[in-house]
Structure formats: C-alpha cells, structure tokens
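Below is one structure, written out as structure tokens; the observations come after it.
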Amino acid sequence: MTVSTRKPVIAGNWKMYKTIAEAEAFFAELAPLVRDVVRDGEHCEMVIAPPFTALSRVVQAARAANVAISAQDLHWEAQGAFTGEVSAAMLVEAGCTFTLIGHSERRQFFGETEETVNKKCRAALAAGLRPIVCVGETLAEREAGETEAVLTKQLAGGLAGLTEPQFSPIIVAYEPVWAIGTGRTATPEMAQAAHAFIRQRVAAQVSVSAADSVRILYGGSVKPDNIRGLMAQPDIDGGLVGGASLEAKSFAALVHYK
Ligand code: PGA
C-alpha cells in the first residue's frame, strides 16, 4: 500500500442517550475544547451521531464546532407506510451528512441483515449521505476462528454491487461485538489485523485504490487512555466511540489523541 493520506475520523455514537437539552449542552461545552482542531483542518474529522430527535436542533452548534452530524440508522425507501422509520431525504433535511448503517445493535436486536445494509447504503448514497458501515464478529465467532469469514460475508453482502465511485464516500467501522460496551477493547494488534483484512477485502471487492483510500474506524470500548495505541496502527484511521463520546471532555480528549 502507498503512504496513507487518509484523514482520521473520530466519530461518536450516542445510541439512545441524550435529550435535546443534553445534546445542546454537550456542543456548548465541546466547542471551546476543539477550537484547535477547527484551525488545524488536517488533524481529523469529527462526527457525532445523536438520536433522531436531537438531529436538527444540534446541527448549527455542531457545525460551529466543525463537527459533522450523523444519523444512527435510516430506512431505504424514500417514503411510505413504514411506522417508526426515517428516510435518507429526511435526514439530509435535518442536517445530517453521515449515517451509521448496520451497527451490531441493529443486527442483534432489530433484524438488520446484509441485504438491508446494502439497501440502506444505496439509499444513503443516492441522497448524498455518507454511510459509516459497521461490521464485526461476535465472541463465539471469534473463538470459533470465524472472524475473517464473518467480515468477508458482511462486506460482500452489505456492499454488494457498489461501483468504485459509489463506494468512495463510504467509511467502514470494524466493531468486534465482544468489545462494544464491555470495557474489553481489542488489542491494537488484533484490531490492526482485522483492519488489514478488511482493506484486502475492499481491494478484492471494489479496487486497490478504493482499499487504499477507504477510512476504516475501530469501535469497541475506545477510551481516551487506549485510543493512542489504536491510532498508531497503520490501517486504523479513526474510532467509532459509544460510551466515551457522551461527555464533551472525553470526546475532546479522543480527538486530541496525538
Ligand atoms: P462503546 O460503543 O465505545 O461504548 O464500546 C461503540 C459502538 O457501539 O459504536
């Protein structure tokens, strides 16, 4: 691989945490803490995925802090009788520029499949939203030696049929399910091995240049005190962070990992 020019991405996934008032308070506290990141446009991209209800209310404050707003999920249809669902166009109108797709909690608890991940990717891309596509194995799968097979299946299905130009806005997040919310992070070496494997799969499935430029984020118990070792790995281009993204000070510390 050529020398990386991939800009790091530090993304926070708030899951079902924070009311609108709490989300607003977060950005008010965060803005002064990341002012230097705003000035140093080269350092990293910052993304936060609040719950749907807070999206449109925090967009301006987030933009002022140079933070892009992401949805946590979307439906693939443009509109229709799909109670409880939200379309890509609705998210764009609310001010989102990114959306998570295929988070393991969606896969575990809400029936997300490779097929729905693929439909959601296509809908997001068509609307100009940048997907952050999550993949990762469970503990049982890792212990059975199936990690690479699982990643191959998730990438082949979730990103099926995407051309190189379609693929280029996509960010991939490797999140081993056993490391999410458990305090049990993958070691930097374990994460690096999975990231390198994902990059190889993208090379095989899309193209070598797509593999070279795609940002691959690690997620699963990333904290201010372990992010540095992870970011030092050549194929880790950022973090997708749950718990440690909920406090402004902690998110700012993650962003200042260097
Ligand atoms: P965690 O969550 O950082 O709390 O482990 C990560 C995620 O689910 O994206």
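In each ligand, atom 1 is the first atom listed, and ligand 1 is the first ligand listed. Side chains are part of it too, since the values below use all heavy atoms of this structure and drop only hydrogens, waters and symmetry mates. In this chain, residues are counted from 1 in sequence order.
Remark: ligand 1 and His103 share an N or O pair separated by less than 3.5 Å (distance only, no angle test). For a threshold of 3.5 Å applied to N or O pairs, the pair formed by Thr182 and ligand 1 contains no separation below that value.
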message = Under the criterion salt bridge (Lys or Arg N to Asp or Glu O under 4.0 Å), I'd like the reasoning laid out for Lys249 against Glu29: C-alpha separation, chi angles, the key distance, then a yes or no.
response = CA-CA 8 Å; Lys249 281 193 188 70; Glu29 191 185 342; 3.2 Å; yes
Worked check of salt bridge (Lys or Arg N to Asp or Glu O under 4.0 Å) between Glu148 and Arg201 = CA-CA 10 Å; Glu148 294 192 348; Arg201 292 311 312 155; over 6 Å; no
request  = Evaluate the criterion ring-ring contact (aromatic ring centres under 6.0 Å, His included) for residue pair Tyr257 and His43; output intermediate values, then yes/no.
outcome  = CA-CA 10 Å; Tyr257 63 87; His43 178 69; 5.4 Å; yes
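Note: Phe26 CZ to Glu247 CD = 8.5 Å, rounded to the nearest 0.5 Å.
The contact set between ligand 1 and Gly220, taken as ligand atoms under 4.0 Å from a residue heavy atom, comprises 5 (O).
Among all protein heavy atoms, the one lying closest to atom 9 (O) of ligand 1 is Glu175 OE2, 2.7 Å. Given atom 4 (O) of ligand 1, the protein heavy atom at minimum distance is Gly243 N, 2.9 Å. When hydrogens are left out, the protein atom nearest atom 6 (C) of ligand 1 is Gly242 N, 3.5 Å; that is the closest non-hydrogen contact.
The local environment of CD in Glu22 is crowded, with over 12 non-hydrogen atoms from other residues, nucleotides or ligands closer than 6.0 Å.
In Ile180, the parts holding a heavy atom less than 4.0 Å from any atom of ligand 1 are both the side chain and the backbone. Contacts with ligand 1 closer than 4.0 Å are made by backbone heavy atoms (N, CA, C, O) of Ala179 only, the side chain lying farther away.
At least one heavy atom of Lys15 sits closer than 4.0 Å to an atom of ligand 1. Using a 4.0 Å heavy-atom cutoff, Ala244 is absent from the residues neighbouring ligand 1. At least one heavy atom of Ser221 sits closer than 4.0 Å to an atom of ligand 1.
No donor-acceptor contact under 3.5 angstrom links the side chains of His103 and Glu112, judged on distance only. Under 3.5 Å, the side chains of Glu164 and Ser207 contain a donor-acceptor pair of N or O atoms. Side chains of Tyr174 and Glu137: a donor on one and an acceptor on the other come within 3.5 Å.
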